[in-house]
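Residues take their numbers from the sequence shown, with the count starting at 1.
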Amino acid sequence: MIGPWLHEPFVRRNRPRTLDKEREAKITGGRKWPVLPSRAPQLLRVLGLLNADASMSADSVRKFSQINHMVSLLEPHLEDIAQRHPVVRILDVGCGTSYLTLLLAWLLKEQGHEFQVIGVDSNSKVVATSAARAKELGLDVGLRFEAAEIDVNFASNCFERIFPGEGSKNARPHLLVALHACDVASDLAIAAGIRAKADVMAVAPCCHAELARQWKGMAAATSHPFGPIFRSPNLRRDVAANMTDALRMLLARSRGYEVTATEFVPSTHTAEKSTAALRSPRQLSKSRGAPIG
């Protein structure tokens, strides 16, 4: 049996330490981030961003700033959704290590909202790790993970299947997030969100290979006006990426979504993450009971 003189120091050593206000202000640059070390030490410890002595490495500070920037952009949409729906439903497609998935679930719980959040990824190992983290944080009641390949029908029945008997029959995602869906996986995520009639989608496409691959096969077309682009790997990759995003925007708009292209992750952290935020006025009107035109 461990005596109280040993047990109490042990508890103190293992309780997550927090940054003092001065160090926290230095890390945040004075910004009022949604998630701060002083508010969420356990969350940041579980995510591996906050060390046992409450310090943060340079890489952790970069990641910490990045995910806070993401949540700041999504927060107005979350607040709007929470006002209109008794249960906030979020689907994270290609969730990867689930930093954002866990953070969104934590934020909803902190704000007292009932939620059902699903993270899906084809990598079963990262899914298992994410599920273990959710359990450690006490979020596993409303946060579930699944190892699966995304298809256009996935979002239409995932909540009823993963949260059976919890008022999720015929439920749809109110927010669909796809920040790590590479190449055509982004298109599948957008198509799945449109088919499921998601209120809001935030997509950060990357690794645009499909169109660039086709253009590479056209490099010998000397008479084509895009010939110089086809024959230059760097130009081909960049132009194909922008063209692909433009086509995605046009297709989403054709299905009734308002689309805004924005910088989802600051360029100081990465050059890849330009994003489309898609919002459906039709679904917002339906949920408010307003007539649909």
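Within the 4.5 Å cutoff, the side chain of Thr129 has no heavy atoms near those of the Thr97 side chain. For the pair Glu75 and Gln111, the minimum side-chain heavy-atom distance is below 4.5 Å. Looking only at side-chain heavy atoms (C-beta outward), Phe115 and Leu104 stay at 4.5 Å or farther from each other. Looking at heavy atoms from C-beta onward, Arg144 lies out of side-chain contact with Val117 at the 4.5 angstrom threshold. Between Met70 and Leu179 there is a side-chain heavy-atom pair separated by less than 4.5 Å.
Residues Ala134 and Phe145 come closest through the heavy atom pair CB-CE1, 4.0 Å.
Without hydrogens or angle criteria, Arg231 side chain to Ala219 main chain gives a donor-acceptor distance under 3.5 Å. The main-chain N or O of Phe154 is found under 3.5 Å from a side-chain atom of Asp151 such that the two form a donor-acceptor pair. Side-chain atoms of Asn68 come within 3.5 Å of backbone atoms of Phe64 as a donor-acceptor pair (strictly under, hydrogens ignored). Put simply, the side chain of Ser57 gets close to the backbone of Ser60: a donor and an acceptor are under 3.5 Å apart. Side chain of Tyr99 to main chain of Leu47: a donor-acceptor pair is present (N/O by atom type, distance under 3.5 Å, no hydrogens or angles). Under the 3.5 Å distance criterion, the side-chain polar atoms of Ser186 are matched with a main-chain donor or acceptor of Ala181. Checking side-chain atoms of Ser130 against main-chain N and O of Val126 turns up a donor-acceptor pair under 3.5 Å. At least one donor-acceptor pair under 3.5 Å links the side chain of His224 to the backbone N or O of Phe226. The main-chain N or O of Val127 is never found under 3.5 Å from a side-chain atom of Asp121 such that the two would form a donor-acceptor pair. Not a single donor-acceptor pair under 3.5 Å links the side chain of Asp140 to the backbone N or O of Ala131.
A side-chain donor-acceptor contact under 3.5 Å links Asp53 and Ser55.
For Glu110, there are no salt bridge (charged side-chain N to carboxylate O under 4.0 Å, His left out) partners two or more places apart in sequence or in a different chain.
Residue Asp199 is tested with Arg89, Arg84, His77 for a side-chain hydrogen bond (donor to acceptor under 3.5 Å, both in side chains); the sole match is Arg84.
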